[in-house]
Every structure is written in C-alpha cells, then in structure tokens.
Protein chains: 2
Amino acid sequence: MQIEPELCKVEDALGILVGKWKPIILLHLLKNGTQRFSELKRSLPGITQKMLTKQLRELEEEDIIQRVVYAQVPPKVEYSITEYGRGLEPILEAMHEWGTKHTLHKREMQRKASI
Amino acid sequence: MQIEPELCKVEDALGILVGKWKPIILLHLLKNGTQRFSELKRSLPGITQKMLTKQLRELEEEDIIQRVVYAQVPPKVEYSITEYGRGLEPILEAMHEWGTKHTLHKREMQRKASI
DNA sequence: CGGCATCCCCCGGGATACTG
DNA sequence: CAGTATCCCGGGGGATGCCG
C-alpha cells in the first residue's frame, strides 16, 4: 500500500462513502435492488428530499448507482447499484462488522473505567 | 448485516476514519510503528499542529492509538497504534485498493465520455 | 517540543416552500 | 412524485500567536 499522501487512495474511497446518508442508501440498494425515490425516502427516516437527491446525484456521478427516469405522469425515477458500485459491498460489510465490535469494545472500556 | 439505521454500524466505523488526516496518520503509525509528534508532523506535509493534535486526540479517545508523554525537557510525546487499533488495517487496505481502482475507472469513464 | 487559544471562513446539511 | 430554490446555522478546519 502506498503511504505517501499523493499516492494513498484511502481518502478517495472515503470520499465516496462520506456524506451523512450514503452508506445506508448504498446498503438499501444493495439489499433490495432497484428502488424508487419515494421508496428510498420512506426507508430513511429523517432524511429530507434535498439531501436524498444530493447524495444520490453524487453517487451517480461516481458511477456507483444508476438513475433511470420514466417519462410519465406522475414521475417515476428508479435507482439501482451499478455492477461497478457492487465492488464497495465488501468494504461496507467490513466496516459494519468492525463498527459492531467497536460498540462492544467501547462499552467494555467504559465498564473498566468506572471501576 | 443489519440495515436499519439504528443497527447499522457502518457510520460508526466511518466516524473513526473520517477527519481530514486520520487515514494517513493511521497508515504512518501502522507502517512505521511508534512515532514522535514532530516525526508525524514532518511526515504529513501541510498539516497544522492544531489539526494533528486534534486528530490524534480523537483517535486516542477511541482507543485506536496510544499516547505516551515523557516527563522531560524538552518534551517528548510518542504515539503508536494499539493492538485493538490494528484491527482497522484490513479496512484501510481494502479502501486503498478500491480507491486505486476507482482512479483508473474514472479515467476510463472520462475517456469514453469524450468520444 | 508539543501543545492550547483565538480569529475567521467555508460548506455540509436542516427546514421550509414552490414546481413540472 | 420527484424534484429545485431559498434561508439559515453549526462546526470542520486553516492561519497565527502564546506557553510550560
């Protein structure tokens, strides 16, 4: 792994995942396949339309997700993970796994600290 | 993997890694072992003392790195990865690998788009 | 040497309202 | 239904200066 700032690509990958709702959006699309805008919105309690739109546009820009607009009334827009975007799944899984352990680790640390 | 926002731990892991210099700091400590504050600062062209201190404190708070202060003049402070923190290495490597591919992928996308 | 303290700027992101 | 447009706030992060 290259460690020089110019060659280290960790930040680039991080940049794709960062954004308040991106991981959870990606997981929903990975698990549930193609989803409409309103379905995603319903699945993400608390998100605003503005934010959902923004995050989706940014992921689309990176070729992680695909956006399909149907020319009809009422409008219908579907989002799905690209084949390429699927390459992020192992990283998301690893982070989820580590995060789960970390939650327990912190609890243990606090327990010891309180003795 | 849990996908419900309350149970999904991806954001927690992400929270540890996010912060402008955290990945590169962790990689330096992982690769080079124990390092003094000034050594780290020299290794990170462009970082300010304030930022380096802040990022190190946050990582210490999560038990990812260890801070050892030597009571001497001039002061000496050494930082190192904890055994626990070493668990992040696979994730960092996976992100670096993906990021490298992504750089190439974007280049290819731009080439196709320009045709 | 290894920090805090201070000042300041930018933008991520929330709330709300309007539109094709 | 799936967006834009507008307003606004908090905090991440840069620059600089002081201290034990």
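In what follows, every chain begins at residue 1, and chains take the letters A, B, ... in the order their sequences are listed. Since the structure is predicted, the reported quantities are computational estimates derived from the model, not experimental observations.
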For Lys106(A) and Glu62(B), indicate whether the former's side chain and the latter's backbone hold a donor-acceptor pair under 3.5 Å.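 No; judged by distance alone, with no hydrogens or angles, the pair does not exist.
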Under a 3.5 Å distance rule, please check whether Lys54(B) uses its side chain to pair with a backbone N or O of Lys50(B) as donor and acceptor. no
In terms of side-chain heavy atoms of Phe37(B), which of dG13(D), dG2(C), dG3(D) is nearest?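 Within the option list, the nearest is dG2(C).
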From dC1(C), dA2(D), dG3(C), nucleotide with atom closest to Arg67(A) side chain: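 The listed nucleotide nearest to Arg67(A)'s side chain is dA2(D).
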Integer-rounded Å distance: [N] [atom2] and [X] [atom1]:
| X | N | atom1 | atom2 | answer |
| --- | --- | --- | --- | --- |
| Glu11(B) | dG12(C) | CD | P | 16 Å |
| Lys54(B) | dG11(D) | NZ | P | 11 Å |
| Lys20(A) | dG11(D) | NZ | P | 12 Å |
| Leu56(A) | dT4(D) | CG | P | 11 Å |
| Leu14(B) | dG12(C) | CG | P | 16 Å |
| Leu52(A) | dG14(C) | CG | C1' | 14 Å |
| Gln55(A) | dA2(D) | CD | C1' | 16 Å |
| Gln72(B) | dC1(C) | CD | C1' | 10 Å |

Flag side-chain contact, heavy atom, 4.5 Å: Ile81(A) against Thr34(A): no
Are a donor atom and an acceptor atom from the side chains of Tyr79(A) and Gln66(A) found within less than 3.5 Å of each other?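 There is no such pair between these side chains.
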For His102(A) and Asp12(B), does a side-chain donor sit closer than 3.5 Å to a side-chain acceptor?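 The answer is no; no qualifying pair exists.
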Do Arg111(B) and Glu108(B) meet the salt-bridge criterion of a basic N to acidic O distance under 4.0 Å? yes
Nucleic acid contacts - residues 38-51 of chain B versus DNA chain C, non-hydrogen atoms under 4.0 Å: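 Residues of residues 38-51 of chain B that come under 4.0 Å of DNA chain C are, in numerical order, Ser38(B), Gln49(B), Lys50(B).
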Kindly state which residues belonging to residues 25-35 of chain A come within less than 4.0 angstrom of DNA chain C, counting heavy atoms of the residue only, listed by number. none
Just call it for Pro74(B): base, sugar-phosphate, or nothing, with non-hydrogen atoms closer than 4.0 Å on any strand.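 Result for Pro74(B) = sugar-phosphate.
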Looking for any heavy atom pair under 4.0 Å, which part of the strands does Tyr79(B) touch: base, sugar-phosphate only, or nothing?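 The answer is sugar-phosphate, as Tyr79(B) gets under 4.0 Å only of primed atoms, P, OP1 or OP2.
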Let's go through Glu78(A) and Arg67(A) carefully: what are the C-alpha distance in whole Å and the side-chain angles of both, what is the deciding distance for salt bridge (charged side-chain N to carboxylate O under 4.0 Å, His left out) to 0.1 Å, and is it a yes or a no? CA-CA 6 Å; Glu78(A) 285 184 342; Arg67(A) 178 172 182 263; over 6 Å; no
Is there a salt bridge (charged side-chain N to carboxylate O under 4.0 Å, His left out) between Lys9(A) and Glu97(B)? Walk through the geometry before answering. CA-CA 7 Å; Lys9(A) 297 297 181 183; Glu97(B) 194 180 338; over 6 Å; no
Taking only side-chain N and O atoms of Arg36(A), does any of them lie within less than 4.0 angstrom of OP1 or OP2 on dC1(D)?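 So the side-chain polar atoms of Arg36(A) never come under 4.0 Å of the phosphate oxygens OP1 or OP2 of dC1(D).
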Identify whether Leu40(B) and Val69(B) are in the same connected component of the hydrophobic contact network (ILVMFWY, side-chain heavy atoms under 4.5 Å).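 Leu40(B) and Val69(B): one cluster.
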